[in-house]
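Right, one structure below, let's go through it.
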Amino acid sequence: MRAMMGVGVLYLGVLGLLTGCSGVIGTPLYTVPDVDLERYAGKWYEIARYPNWFQGTDCVATTAEYTLRGDGTVLVVNRCRNGSVDGPVVEARATARRPNADEPGKLLVRFGFFEAPYWIIDLDPDYEWAVVGEPTRSVLWILSRTPTMSDDLYADITSRLPAQDYSVSRLIRPPQRIERDE
């Protein structure tokens with residue numbers, strides 16, 4: 001568990017350095033024009049993601065919980081189950097902040113000493129689903145307030161990804177835990 005979190009921290013640090021040094025790769029990645037962090041707070045379920053080595057292939061039933069703090073930062077608690085939807089829980093904690101009030105869809109997430117971009121690139125007006133990426137387009141998540149998403153909604157969301165230079169064919173849909181988490 002610690003090794004997995006350590007790898008995640010290392011990855012985010014390298015990603016932060018790469019995006020900080022290289023700027024935007026390819027065409028600009030656009031974020032949503034407005035994000036109300038109070039409405040964004042709460043629990044999100046991972047519906048799909050790009051494969052990444054810091055989550056690994058054994059990380060399933062992934063959730064992210066965001067809690068707005070009094071200082072304007074956000075407590076981030078990521079959890080997944082190792083190996084199966086009933087496997088042991090792996091948890092990583094971080095803090096997110098909005099570095100520029102003029103770009104509300106761009107946040108930075110800090111795991112330990114490293115910060116990495118967390119850009120909200122698509123968001124339901126009712127905050128029922130969100131799409132999160134970063135400027136190099138090496139990571140992508142489709143999140144939902146519920147552990148499942150209709151095929152029609154998923155197709156609608158993914159139909160917009162190529163316009164942001166994301167390849168839909170790279171997405172994986174790990175199993176999600178349907179019943180209420182402990």
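Computed from heavy atoms alone, side chains included, the values below leave out hydrogens, waters and symmetry copies.
To the nearest 0.5 Å, the span separating CG on Asp122 from CD on Gln164 amounts to 8.0 Å. Arg177 CZ to Cys80 SG: the interatomic distance, rounded to the nearest 0.5 Å, is 12.5 Å. Rounded to the nearest 0.5 angstrom, Asn82 CG and Asp58 CG are separated by 5.0 Å. Here the straight-line distance linking atom CD1 of Ile120 with atom CD of Glu103 works out to 12.5 Å at 0.5 Å rounding. In this structure, the separation between CD on Glu128 and CG on Leu123 is 10.0 Å, given to the nearest 0.5 Å. Here the straight-line distance linking atom OG1 of Thr63 with atom CZ of Arg81 works out to 9.0 Å at 0.5 Å rounding.
Between Gly83 and Val60 the shortest heavy-atom distance is C-CG2, 4.4 Å. Across Phe111 and Ala92, no two heavy atoms sit closer than the pair CE2-CB, 3.9 Å. Shown here for Val85 and Ala61, the closest heavy-atom pair between the two residues is CG1-CB, 4.1 Å. Of all heavy-atom pairs between Arg49 and Thr62, the closest is NH1-OG1, 3.9 Å.
Not counting sequence neighbours, the partners of Glu65 by the salt bridge (Lys or Arg N to Asp or Glu O under 4.0 Å) test are Arg79. Legend: residues meeting side chain to side chain donor-acceptor pair (under 3.5 Å) with Thr146, ordered by chain and number and at least two apart, are Ser144.
Contact of the Val132 side chain with the Leu143 side chain is registered, since non-hydrogen atoms from C-beta on lie closer than 4.5 Å. Between Val74 and Thr67 the shortest side-chain heavy-atom distance does not fall below 4.5 Å. Side-chain contact between Arg173 and Ile47 is present, with heavy atoms from C-beta onward closer than 4.5 Å. Using a 4.5 Å heavy-atom threshold, the side chains of Lys106 and Pro117 count as separate. Looking at Ile172 and Thr57, their side chains never come closer than 4.5 Å, going by heavy atoms from C-beta outward. A heavy-atom distance below 4.5 Å is found between the side chains of Ile121 and Leu161.
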List the atom pairs, with distances to 0.1 Å, where a side-chain N or O of residues 149-157 and a protein N or O form a donor-acceptor pair under 3.5 Å, not counting sequence neighbours.
unit_1, atom_1, unit_2, atom_2, d
Ser150, OG, Leu153, N, 3.0
Asp156, OD1, Arg160, NH1, 3.2
Asp156, OD2, Arg160, NH1, 3.2

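When hydrophobic clusters are built by joining Ile, Leu, Val, Met, Phe, Trp and Tyr residues whose side-chain heavy atoms come closer than 4.5 Å, directly or via intermediates, Leu29 is not grouped with Leu108. Linking ILVMFWY side-chain heavy atoms closer than 4.5 Å, directly or via other members, places Trp119 and Val168 in a single hydrophobic cluster.
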Intermediate values then yes/no, side chain to side chain contact (heavy atoms under 4.5 Å, CB included), Tyr40 and Leu68: CA-CA 9 Å; Tyr40 198 81; Leu68 191 59; over 6 Å; no

Test side chain to side chain contact (heavy atoms under 4.5 Å, CB included) on Val109 and Thr95; report intermediate values, then the result. CA-CA 6 Å; Val109 178; Thr95 303; over 6 Å; no

Determine whether Leu171 and Ile142 satisfy the following criterion, side chain to side chain contact (heavy atoms under 4.5 Å, CB included), listing intermediate values before the conclusion. CA-CA 9 Å; Leu171 285 167; Ile142 297 176; 4.0 Å; yes

Please assess Leu107 against Leu37 for the test side chain to side chain contact (heavy atoms under 4.5 Å, CB included), listing each intermediate value before the final yes or no. CA-CA 10 Å; Leu107 288 91; Leu37 290 179; 4.1 Å; yes

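Relative to the six-membered ring of Trp44, Arg145 meets both conditions, a distance below 6.0 Å and an angle of at most 45° to the axis.
Side-chain atoms of Arg98 do not come within 3.5 Å of backbone N or O of Gly72 as any donor-acceptor pair. Side chain of Arg110 to main chain of Ala94: no donor-acceptor pair is present (N/O by atom type, distance under 3.5 Å, no hydrogens or angles). A donor-acceptor contact shorter than 3.5 Å is absent between the side chain of Glu91 and the backbone of Val77.
With hydrogens and angles left out, the side-chain atoms of Trp141 and Gln55 include a donor and acceptor closer than 3.5 Å.
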